[in-house]
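All chains are named by letter (A, B, ...) in the order of the sequence lines, taking the proteins before the strands, and each is independently numbered beginning at 1.
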Number of protein chains: 2
Amino acid sequence: MGDELRRFKSEIFQGLAHPTRIAIVELLRDGELSAGQLIEKLGLEQANASQHLAVLRARQIVVKRKAGNQVYYSIRDHALIEVLDILRRYFYSQLSTTVSLLREAAREAPRSRTGAHR
Amino acid sequence: MGDELRRFKSEIFQGLAHPTRIAIVELLRDGELSAGQLIEKLGLEQANASQHLAVLRARQIVVKRKAGNQVYYSIRDHALIEVLDILRRYFYSQLSTTVSLLREAAREAPRSRTGAHR
DNA sequence: ATAGTATATTCGAAAGATCGAATATTGTCA
DNA sequence: TGACAATATTCGATCTTTCGAATATACTAT
């Protein structure tokens, strides 16, 4: 039971575990885009984009709609956008603690100009 | 700038992209546990557990505290717990739409006992 | 110092992810 | 129909992840 849920979560994470796929999901945040539009906006190889879209489809992160010649993609559930937003905030909070750690280190050892030790 | 952020997000996702590591993070939800306690609760090989903990440490998902002989692990930031909670809800909502799709399919084709088409 | 316990790292094999090039599929329009 | 445009899939090379077995490190207690 919880086992199934854990497998599910890890599959979602795997689905998002690539910068290109994150970029795709972020572009789709405000509505659907065709594969071609994604390729253009991200400057991807056609095959590569299609492969990443296949990963997102397999994990049901994204949903497609065919319109004639084109295929429009959109996010299947807004929950994943929420997840990305949490991680954005998380990123900046980690960043600021890292910065203050660096600042503190600089105060303790004001002579050193490089961060390197040893 | 956004590039760095995307790389960061994908690294977090990679860090969580394994059922064992999710299980570890979930166990740590209510406070720290030693490596040995994690091994025991999850029934892992010692080396395997240590490797997964190394991944979580490398991604700064988890933080360690040495106490004598033992090493206690805890979650670095509660944000990640939030993420797991969102995915739990997401899982159940997907599950219920899947169930209703199946139910609908059964109503449309009541003769068929298998899900196979073609 | 030695033995014992807890944890981490290294190694090699197997499985999986990623990429671009090439090819296949599907739809449109003349 | 045939030519074209958009998207998907397959192939093979390369890189990464994962695992258990073996080994290393760090700490405690005698």
Backbone N/O of A/Gln14 and side chain of A/Arg21: donor-acceptor pair under 3.5 Å: yes
How long is the gap from CZ on B/Phe8 to CD on B/Gln60, to the nearest 0.5 Å? 8.5 Å
To the nearest 0.5 Å, what is the distance between OG (B/Ser10) and CG (A/Leu16)? 9.5 Å
Specify the separation, in whole Å, of atom CD1 of B/Ile22 and atom P of D/dT18. 12 Å
Taken to the nearest whole Å, CG/B/Leu53 to P/D/dT18 is 13 Å
Would you say the side-chain atoms of A/Tyr73 and A/Arg57 include a donor-acceptor pair closer than 3.5 Å? yes
Please report the distance, rounded to the nearest Å, between CD in B/Glu11 and P in C/dA17. 18 Å
Rounded to the nearest angstrom, tell me the gap between atom NZ in B/Lys64 and atom P in C/dT7. 11 Å
Passes side chain to side chain contact (heavy atoms under 4.5 Å, CB included), A/Arg88 versus B/Leu5? Steps please. CA-CA 7 Å; A/Arg88 182 172 37 75; B/Leu5 179 50; 3.7 Å; yes
Starting at the 5' end of nucleotides 12-17 of chain D, put B wherever the base has a protein heavy atom under 4.0 Å, S where only the sugar-phosphate does, and a dash everywhere else. -----S
d(CG, B/Leu38; P, C/dT7) in whole Å: 9 Å
Along nucleotides 20-25 of chain C, 5' to 3', which nucleotides get a B, which get an S, and which get a -, given that the test is a protein heavy-atom distance under 4.0 Å? BBB---
Rounded to the nearest 0.5 Å, how far apart are CD of A/Glu40 and CG of A/Leu33? 10.5 Å
For DNA chain C, which residues in residues 65-74 of chain B have a heavy atom at a distance below 4.0 Å? B/Asn69, B/Gln70, B/Val71, B/Tyr73
How long is the line joining CD1 of A/Ile24 and C1' of D/dT7, in whole Å? 13 Å
Is there a path from A/Val55 to A/Tyr72 through hydrophobic residues (I, L, V, M, F, W, Y) whose side chains come within less than 4.5 Å of each other? no
Find out if a path of hydrophobic residues (ILVMFWY) with successive side-chain heavy-atom gaps under 4.5 Å connects A/Leu27 to A/Leu53. yes
Do A/Leu84 and A/Val62 belong to the same hydrophobic cluster, where Ile, Leu, Val, Met, Phe, Trp and Tyr are linked whenever their side-chain heavy atoms lie under 4.5 Å apart, directly or via other members? yes
Atom pair distance, as rounded to whole Å: CG in B/Leu42 and P in D/dT18: 16 Å
Any side-chain heavy atom of A/Ile22 within less than 4.5 Å of one from B/Phe13? yes
Whole-Å distance separating the CD1 atom of B/Ile39 from the P atom of D/dC19: 13 Å
Ignoring hydrogens and geometry, is there a side-chain-to-backbone donor-acceptor pair from A/Gln37 to A/Ser34 under 3.5 Å? yes
